[in-house]
Amino acid sequence: MKVLFVIDRLELKYFEFNDLVTNFWMIKSLLERGHQVCITTIDMLKLKSSIAYADCYDTYVKNNDIFYDKDSFHESKIEDFKLVLFRPDPPVDLEYISATYIFDFVDRAKTFVMNDTTAIRNFNEKLHALYFKEFMPKNIVTSSKQDILQFLDENEEIILKPLNQCFGGGVMYLKKGDKNTAVIINSMTDGGKKLIMVQKYISKAIYGDKRVLILGDDVLEYCVQKVASANDFKFCEHNDKNIKKAVLSDIEYENFKQVAKKLNSMGLYMAGLDVIDGQIIEVNITSPCYFIREINAHFGCNLENTVADYIVNKTSEYFDNINSKLLSV
């Protein structure tokens, strides 16, 4: 089938040999199965007379790596692709939101979009984690300095997060009594004008956070521990020394299975939960990293094939359901 990946512009720049990136592995596995895969970025999406198009490149496998053909640049109607994987990185800014609107003009009876762009647009990775509040640390979402000071007084150590950044960007740790308290709160909230997520600090964060992988209704058995960088309290440097093998507990599996079912029902088929001490601190749905290279090395598996199997089977199931509905009319 014809497949279109909407990737990040930085990924396009460093596309070749980029095996740190989940898209690299998914594209490679799909190409090896004989599917035709093209790549594009959000700035290359367009509408012409209400028809959605993308300027894109063909990809190919050579010597066990993937490349894109720079001479293959062409314009394609998005509905000519059976499957689109929408995976640009945050921040989810106006440019990002505008890109999701393009897919409102794509006939979903012709093209399956994963993750669903409307669902992505309606789901904030920090704020909407509150759908699963029973599995989260104590938290508030506010722009009020007084609210945050009260929360800090009650919990003594807190984490402050902007709502639209990624990879730990802008996340701050604050301890009761810190002489920079007012400055940090004012900076984070832009003087009380910007909503932020504030969470109770989990002491086991010193050991890093676990990335739990969701694929459809399933929680995958493989996971990694993302260890904080040397000069930070959080994971913010993607390299081998910061990514350790981890184990998913039985209670985590059972709890997060509920999360998987809810997300799947919303059209969010691929997700990555960031978890500390069994508690969800964030739900990644825009371009969740599956840490495929690291998981393959730690577990001796080929996770990319598990993911590609799901993608192919889910696409087939999607169109089977559409055809069944048409036949029943």
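Residues take their numbers from the sequence shown, with the count starting at 1. Just so it is clear, the values below take in all heavy atoms, side chains as well, and ignore hydrogens, waters and symmetry mates.
Put simply, CD1 on I281 and CG on N139 are 11.5 Å apart, with the number rounded to the nearest 0.5 Å. Taking CD1 of I280 as the start and NZ of K210 as the end, the distance is 12.0 Å to the nearest 0.5 Å. Between atom CD of residue E252 and atom CG of residue D277 there is a gap of 8.5 Å, rounded to the nearest 0.5 Å. Interatomic distance, T189 OG1 to I196 CD1, rounded to the nearest 0.5 Å: 6.0 Å. Once rounded to the nearest 0.5 Å, the distance linking OH of Y57 with OG of S76 reads 13.0 Å. For the atom pair CG of L152 and CG of L174, the computed distance is 5.0 Å after rounding to the nearest 0.5 Å.
Within a 6.0 Å sphere centred on NZ of K200, other residues, nucleotides and ligands contribute 12 heavy atoms or fewer. For OH of Y207, the number of neighbouring non-hydrogen atoms (other residues, nucleotides, ligands) closer than 6.0 Å is 12 at most. Counted within 6.0 Å of CG on D250, heavy atoms from surrounding residues, nucleotides or ligands total 12 or fewer; the atom is thus considered open. The number of heavy atoms from other shown groups lying within 6.0 Å of NZ (K110) does not exceed 12.
Linking Ile, Leu, Val, Met, Phe, Trp and Tyr whenever their side-chain heavy atoms come within less than 4.5 Å puts L273 and M197 in one cluster. A single hydrophobic cluster is seen to contain both I97 and L268, as judged by linkage of ILVMFWY side chains at heavy-atom distances under 4.5 Å, directly or through other members. Cluster annotation: L31 and L4 are assigned to distinct hydrophobic clusters (Ile/Leu/Val/Met/Phe/Trp/Tyr, side-chain heavy-atom contacts under 4.5 Å, transitive). Cluster membership for I158 and M136, using ILVMFWY side-chain heavy atoms within less than 4.5 angstrom, is not shared.
Counted by atom type alone, E157 and Y173 present one or more donor-acceptor pairs between their side chains at under 3.5 Å. Donor-acceptor pairing under 3.5 Å is recorded for the side chains of E11 and N23. At a cut-off of 3.5 Å, with distance as the only test, a side-chain donor of Q150 or E154 sits close to an acceptor on the other residue. For the residue pair N164 / K126, no side-chain donor-acceptor distance below 3.5 Å is found, with atom types taken as modelled. Of the N and O atoms on the side chains of R87 and S287, not one donor lies less than 3.5 Å from an acceptor on the other residue.
Distance alone, capped at 3.5 Å, is enough to place a donor-acceptor pair between the S98 side chain and the L94 backbone. Using a distance-only test at 3.5 Å, with no hydrogens or angles considered, no donor-acceptor pair links the side chain of N264 to the main chain of A260. Panel note: side chain D178, backbone N180; a donor-acceptor pair is recorded below 3.5 Å. In terms of modelled atom types and a separation under 3.5 Å, the side chain of T40 and the main chain of D55 share a donor-acceptor contact. The closest donor-acceptor contact from the side chain of S187 to the backbone of I184 lies at 3.5 Å or more, if one exists at all. Side-chain atoms of S143 do not come within 3.5 Å of backbone N or O of K193 as any donor-acceptor pair. H74 places a side-chain N or O within donor-acceptor distance of the main-chain N or O of S72, the cut-off being under 3.5 Å. Between the side chain of T111 and the backbone N or O of R108, no donor-acceptor pair lies under 3.5 Å. One N or O on the side chain of H128 and one on the backbone of N124 form a donor-acceptor pair closer than 3.5 Å. Between the side chain of S324 and the main chain of D320, a donor-acceptor pair closer than 3.5 Å is present.
A cation-pi contact links K245 to F299, judged by a cut-off of 6.0 Å to the six-membered ring centre and 45° from its axis. Both tests pass for K2 against the ring of F81: distance under 6.0 Å to the centre and angle within 45° of the axis. Annotation: cation-pi geometry not satisfied between K314 and Y318 (NZ/CZ under 6.0 angstrom from ring centroid, within 45° of ring axis).
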- M172 vs M188, side-chain contact (heavy atoms from CB on, under 4.5 Å): CA-CA, chis, key distance, verdict: CA-CA 8 Å; M172 300 287 289; M188 291 290 298; 3.5 Å; yes

- prompt: Between D19 and R293, is a salt bridge (charged side-chain N to carboxylate O under 4.0 Å, His left out) present by the stated rule, with each step listed?
  reply: CA-CA 7 Å; D19 63 356; R293 188 190 72 170; 3.8 Å; yes

Notebook entry, point to check: Should L195 and L163 be marked as a side-chain contact (heavy atoms from CB on, under 4.5 Å) after you check the CA-CA gap, both sets of side-chain angles, and the distance that decides it?
Noted result: CA-CA 7 Å; L195 288 170; L163 294 180; 3.9 Å; yes

Exercise for the section: Kindly determine whether Y60 and D69 satisfy side-chain contact (heavy atoms from CB on, under 4.5 Å), including the steps that lead there. Expected result: CA-CA 8 Å; Y60 62 95; D69 183 355; 4.2 Å; yes

Applying side-chain contact (heavy atoms from CB on, under 4.5 Å), run through V307 and M270 and close with a yes or a no.
CA-CA 9 Å; V307 177; M270 302 181 68; 3.9 Å; yes

K176 and N155: CA distance, side-chain angles, deciding distance, side-chain hydrogen bond (donor to acceptor under 3.5 Å, both in side chains) verdict: CA-CA 8 Å; K176 185 176 178 180; N155 297 284; over 6 Å; no

Please walk me through it: do F86 and Y96 pass ring pair (Phe, Tyr, Trp, His ring centres under 6.0 Å)? CA-CA 11 Å; F86 188 82; Y96 194 108; 5.7 Å; yes

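Under the side chain to side chain donor-acceptor pair (under 3.5 Å) criterion, K257 pairs with D218, sequence neighbours left out.
Two residues are said to be in side-chain contact when any heavy atoms from C-beta on lie closer than 4.5 Å; E221 and T306 fail this criterion. Looking at K82 and F112, their side chains never come closer than 4.5 Å, going by heavy atoms from C-beta outward. Under the 4.5 Å side-chain criterion, counting only non-hydrogen atoms from C-beta, T117 is not in contact with I102. The shortest distance between side-chain heavy atoms of T286 and V92 falls below 4.5 Å. Here the side chains of E75 and M44 are not in contact, with every heavy-atom distance at 4.5 Å or above. Side-chain contact check for N296 versus Y222: every heavy-atom pair is 4.5 Å or farther apart. Looking only at side-chain heavy atoms (C-beta outward), F132 and K262 come within less than 4.5 Å of each other. Looking only at side-chain heavy atoms (C-beta outward), I66 and F15 come within less than 4.5 Å of each other.
Taking each heavy atom of A109 and I322 in turn, the nearest pair found is CA-CD1, 3.7 Å. Between V275 and V212, the shortest heavy-atom distance links the atoms CG2-CG2, 3.8 Å. Taking both residues in full, the closest heavy atoms of A99 and F103 are given as O-CD1, 3.6 Å, listed atom of the first, atom of the second, then distance. When all heavy atoms of A182 and K145 are compared, the closest pair comes out as CB-NZ, 3.8 Å. Between C223 and V247, the shortest heavy-atom distance links the atoms SG-C, 3.8 Å. Of all heavy-atom pairs spanning N115 and I285, the tightest one is ND2-O, 3.0 Å.
Each of N305, D65, T59, N64 was evaluated against K28; a single residue qualifies, N64, per the side chain to side chain donor-acceptor pair (under 3.5 Å) test.
Between R211 and D274 a salt bridge is recorded (basic side-chain N to carboxylate O distance below 4.0 Å). D209 and K226 are joined by a salt bridge, as a carboxylate oxygen and a charged side-chain nitrogen come within less than 4.0 angstrom of each other.
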